[in-house]
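Read through the structure below, which is laid out as structure tokens, and then see the notes.
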Amino acid sequence: VYRAMLPTIQPGTAAETSAAQPHSYLRLSARAATIVVPMRFALFTCLTPALLLLASSTVAQAFHQRRPNNYSRTTADNAATKLNKRLAKGELQLDSEAKTSRGRLRALLEALEVPASSQTLVFSKTSLQRHRVSPQNPRALYFNEDVYVGWIPGAASIEVIVGDPELGLAFYSMPQDANQPARLTRDDGCLSCHATSRTQDEPGLVLRSVFPDLAGDPIPSAGETDMNFRSPIEARWGGWLVTGQFEGAHRGNNTATRNSEGNWVVTPKPARDLHAFAKDFGADRYLRPTSDIGALLALEQQATVHNLLVRATHQMRYLLDKDRVLNDLLGETQSNEHGMRASTQRIADTLAKEIAATLLLDGGAPLAQHRAASNAEFARDFAAMWPKDSDGVQLGELDVSERTFVLPMSPMIHSKAFQRLPTELRSRVFARLQVAIERGVPPGDVQLDRATRAILAKHLRDTMTDWPPPRVRRNQ
């Protein structure tokens, strides 16, 4: 009901004027019958139960398309649009590598400040230009803290996902043909895959571990796993290439076969670098001879956090807008400073709890038994994305021998996506983190000793201007 009716109440319209009058009337029709009732009474009796039911779940329901988010009708303002402006003014040119199949890839990465060392390769046909992807022609992915780039040798376009203050994530493509203008074109059609149940109906990043056949097609009957930092290691990287030091079972680096019991399995094979796949393709086709285990682990945790922050932002904006509408229609004033109704406060608390636990990497799969080690170039480039405190401490330093990072916290707390959270939600996340870090009561299975908590507390105070004053400390 809310989705159908409230978007029609726009500023300056007759509907807005009518809704603001206490004695206005709303005409409700049901087939041939028409009932005329007072507007305020109709909205209270008809809309309120539907609104509360719709908003009562923390599982997103395409909130990005609802007011005030209005994804499809909102103009983008992000790294892609800024790059387009520079290109249009002639301030920058994206040169094409004519002697290779890379086209504008290297120039685009440099323009968007995405390190080439973040390269990971996926050979399963699980992307837009799937007909170009195969074990003989893997797709390369690159990322920084707010931009993700996908490139396939010989494909028509480069695919780009960027963080956006209003859209959360926006989707673009750029032609590889040097004869076509270098311009990133927005493509909301990507939401058909990137805003589904896989991302809880909000714009998001999709990382899948499948059972690929010899051509790279996922085998539907074999199933698949969403890849995140909580996924079991043995179920990850089906259809991906994994290079570097790593021991133990996973689904990467090979195609699926049936075992003696008739089940689909992938027998992984070790690969120090991409030269291990020389029979399928030449490593020099790509910017780096790696699909590094460190880059994969960093990407998985980042995508998990990024998706959650985007989802929570869209949902909270919707809820806050809903509260403003209801408070106005019902002539009510809420006791809290943000005007949130009780149901919205409960949802905000639940979202804050989830975000805090995810930032502290609660439930992350242990890595100690796998004796992993990240590529030094990527480890350096990834750490450089995040701020250092006065002691030189920073989040995002890789230590994949036991867990993904040296400090048990996602560097995404420093990301633009976290900064975009509504204040009403971000303050609650801070409060939860303070309980975990300053009072020593972390969520879930998170283990934080006193020394680690002291380091995290100082780092957050030094590097975040809106980090709250210390809370009363207990349970030290």
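Being a predicted model, the structure only gives us computed values, none of them experimental.
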Ring centres of [X] and [Y] under 6.0 Å apart?
{"X": "F418", "Y": "F430", "answer": "yes"}
{"X": "F405", "Y": "W386", "answer": "no"}
{"X": "F123", "Y": "F277", "answer": "no"}

- Message: I'd like to know if the side chain of Q65 pairs up with that of S72 as donor and acceptor (distance under 3.5 Å, no hydrogens or angles considered).
- Response: yes
- Message: Whether the N375 and R288 side chains hold a donor-acceptor pair (N or O, under 3.5 Å, no angle test) is what I'd like checked.
- Response: no
- Query: CD/Q315 to CZ/R317 distance, rounded to the nearest 0.5 angstrom?
  - Reply: 13.0 Å
- Message: For the CE atom of M340 and the CD1 atom of I347, what is their distance to the nearest 0.5 Å?
- Response: 10.5 Å
- Tested for side-chain hydrogen bond (donor to acceptor under 3.5 Å, both in side chains) against R311, the lone hit among H64, E354, E202, H306 is E354
- Query: Run the side chain to side chain contact (heavy atoms under 4.5 Å, CB included) check on L121 and Y286 step by step: do they pass?
  - Reply: CA-CA 10 Å; L121 267 59; Y286 298 88; 3.9 Å; yes
- Task: For S209 and T225, indicate whether the former's side chain and the latter's backbone hold a donor-acceptor pair under 3.5 Å.
- Result: no
- Message: So does P115 get a backbone contact from the side chain of D381, meaning a donor-acceptor N/O pair under 3.5 Å?
- Response: no
Under 4.0 Å between a side-chain nitrogen and a carboxylate oxygen: does that hold for [X] and [Y]?
{"X": "R428", "Y": "D349", "answer": "yes"}
{"X": "E300", "Y": "R236", "answer": "yes"}
{"X": "R104", "Y": "D95", "answer": "no"}

- Message: Parallel, tilted or perpendicular, judged at 30° and 60°: which one describes the rings of F246 and W237?
- Response: perpendicular
- Decide salt bridge (charged side-chain N to carboxylate O under 4.0 Å, His left out) for E224 and R198; before the verdict, give the C-alpha distance in whole Å, the side-chain angles of both, and the deciding distance to 0.1 Å. CA-CA 12 Å; E224 61 181 70; R198 294 182 186 278; 2.6 Å; yes
- Flag if over 12 foreign heavy atoms under 6.0 Å of CD, E97: yes
- Task: Verify side-chain hydrogen bond (donor to acceptor under 3.5 Å, both in side chains) between Y142 and Q119, making sure each step is shown before the conclusion.
- Result: CA-CA 5 Å; Y142 307 86; Q119 175 180 285; 2.7 Å; yes
- Message: What I'd like to find out is whether the side chain of L433 reaches to under 4.5 Å of the side chain of M409, using heavy atoms alone.
- Response: yes
